[in-house]
Amino acid sequence: MNRIAAVNQSANGPRPGRAQIAFSGVTLNLGGKAILENISLDVKPGEFLCIIGASGCGKTTALRLAAGLYQPTSGTVAFDGKPMLAPRRDIAIVFQDYGKALLPWRTASGNVSLALEASGMAASQRAARIDELLKKVGLPNHAGKYPAEMSGGMQQRLQIARCLAQEPKALLMDEPFGALDAMTRQGLQDEVLSLVRASDATVVFVTHDLEEAIYLGDRVIGLLPHPGRIGIELKIDLPRPRDQLTTRENPEFLRLRRELFDFIKASEA
Amino acid sequence: MNRSVLYWRAASFAVAAGFVALWQLIADQRLVSPVFLPGPDRAWASLVRGFASGDLLDKLLGTLEHMAYGWFVASIAGIALGAMIGSSRTMRSYVAPSLEFLRPLPVSAVIPVAIAMFGLTQSMALFVIAFGAIWPMLLATIHGFAAVEPRLYEVARSLHMSRLAIIFKIALPSASPDILAGMRLSVTVALILSVVCEILAGLDGLGHWVLLSARSFRSADLFAGVILLGVIGYLTALAMSMVERRLLKWRSSGH
Ligand SMILES: Nc1ncnc2c1ncn2[C@@H]1O[C@H](COP(=O)(O)OP(=O)(O)OP(=O)(O)O)[C@@H](O)[C@H]1O
Ligand SMILES: [Mg+2]
């Protein structure tokens, strides 16, 4: 498993060519206030982009724009060259509050099934696909459990499984591990890396955690608050596969961490 | 756990038996004239006699029928209307004031209107029962639909679920605890109104039976009818809470 993950991790990364997600001059006002201002950003297919920034700077809002849940006040958001006018089935979004994003009256397999039903998959084919997805996220023995019977980490895995059921071209994740303890969080980071690399999906990953951003990303973008705009952009050239111990001890990792830390401190000042 | 459940069962049974014994004692001592108060023995005998002759069974079925039709119509209408109103914020703000006006209106005030419209008929009973029983379900459904986690609607949007799928897979199940609680309340309302309508319109049912028995001072028959009404109320409430527990298994499980 680890070997496969390792091969996959090093196999892809951002692919050259047209941007998959393209923000050009995006401004968004909500309630008469500019939340995001003049954001231009290209995310390449297969890229793992992390967004960091102080609380309230507009990270979630940016992700919702990318998901098509919001429309920009001015500027455009495009996906594969076409303007995003509504949410798309091939863009999956993992919410931070997994407790609210799952159907509490459906079991784990029922929750994964929701996405398959929506895609019109025949009932006869769903069971096998559900098993496969639950296995992928490490929940093969919990198919019959209700979300209320699962730990936070398991619920977040379940949400990820449902998102993978959409076979997304892009996976948008909003502080997916923010509510989990450090050990669970590190385990899930590695799982997400190998899942994503195995699926070729583009990822936009919002996090509070600077180290998490560097550890996961091909690139990290930092937002400045009031109104939200891009304040820093760092390319992460750390070797893949990443490793919880060696990557985090890499001098380049420490240098990047320092740079982001200074950025956040300055942005809050 | 199981032990204490058993204990409480036994205790409540003992209390009930105590009441029956007390009732028997009062009747035997003639503290109340037997014309008004038969002992449990006579009430029981009348119950057995009524069922043996088939009379009481007919009345029982009559009441159950009124209750079931009224409750069924109220459920369908209440849930459908509640879903419509509850799932749209504009509808809620337009309709809520009228509901607030209609809701506290006692059903007894509606009965003359219904009699004027339908006469002393089954339709009148159906209308009155349904009108009275719709409120708990309507209000519970509106509340349940309005309280659906907005996050789930976003999940539905990003999955491109149809409007129908959103209603049946997200909104209805999410509102189901409220709806079922409303349905449980309105069963009781339907029972009460069935009896009232039977008394008023002379429709075949336990209400009518009780009225006739009282008029002719057949107190044992009167009590047999009252006991049956109590049993209906108890059993329907019990059945509803069993259905609730089964359907809402996902809620009680885990933490
Ligand atoms: N619907 C809304 N109407 C008005 N203002 C909003 C709305 N949603 C968010 N905001 C404001 O926009 C700003 C950015 O919110 P957003 O949730 O995107 O921040 P964030 O970076 O995700 O914060 P956090 O790290 O705390 O999750 C905040 O100041 C918030 O108050
Ligand atoms: Mg946020």
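Letters go in sequence order (proteins before strands), and every chain restarts at 1.
For B:Y153, the OH atom is densely surrounded, since the number of other residues' heavy atoms within 6.0 Å is greater than 12. Shown here is B:F19, whose CZ atom has no more than 12 heavy atoms of other residues, nucleotides or ligands within 6.0 Å. The number of heavy-atom neighbours closer than 6.0 Å to NE2 of B:H160, taken from other residues, nucleotides and ligands shown, is above 12. In this structure, B:Y69 places its OH atom where only 12 or fewer heavy-atom neighbours from other residues, nucleotides or ligands lie under 6.0 Å away.
Residues of residues 73-85 of chain A having a heavy atom under 4.5 Å from any heavy atom of chain B: none.
Minimum heavy-atom separation, B:S158 to A:P87: CA-CB, 3.7 Å.
Contacts classified as salt bridge (charged side-chain N to carboxylate O under 4.0 Å, His left out) and involving residues 142-154 of chain B (residues at least two apart or in different chains) are given here: A:R64-B:E154, A:D97-B:R151, B:R151-B:E154. For residues 122-147 of chain B, no residue pair satisfies the salt bridge (charged side-chain N to carboxylate O under 4.0 Å, His left out) rule, not counting sequence neighbours.
A:F95 places a side-chain heavy atom less than 4.5 Å from the side chain of B:V155.
Between atom CD1 of residue A:I93 and atom CG of residue B:L159 there is a gap of 11.5 Å, rounded to the nearest 0.5 Å.
If you measure heavy-atom distances from A:A115 to chain B, the contacts under 4.5 Å come from both the backbone and the side chain.
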Donor-acceptor pairs under 3.5 angstrom involving side-chain atoms of residues 163-177 of chain B: please list them, not counting sequence neighbours.
| unit_1 | atom_1 | unit_2 | atom_2 | d |
| --- | --- | --- | --- | --- |
| B:K169 | NZ | A:E117 | OE1 | 2.8 |
| B:S176 | OG | B:P173 | O | 2.6 |

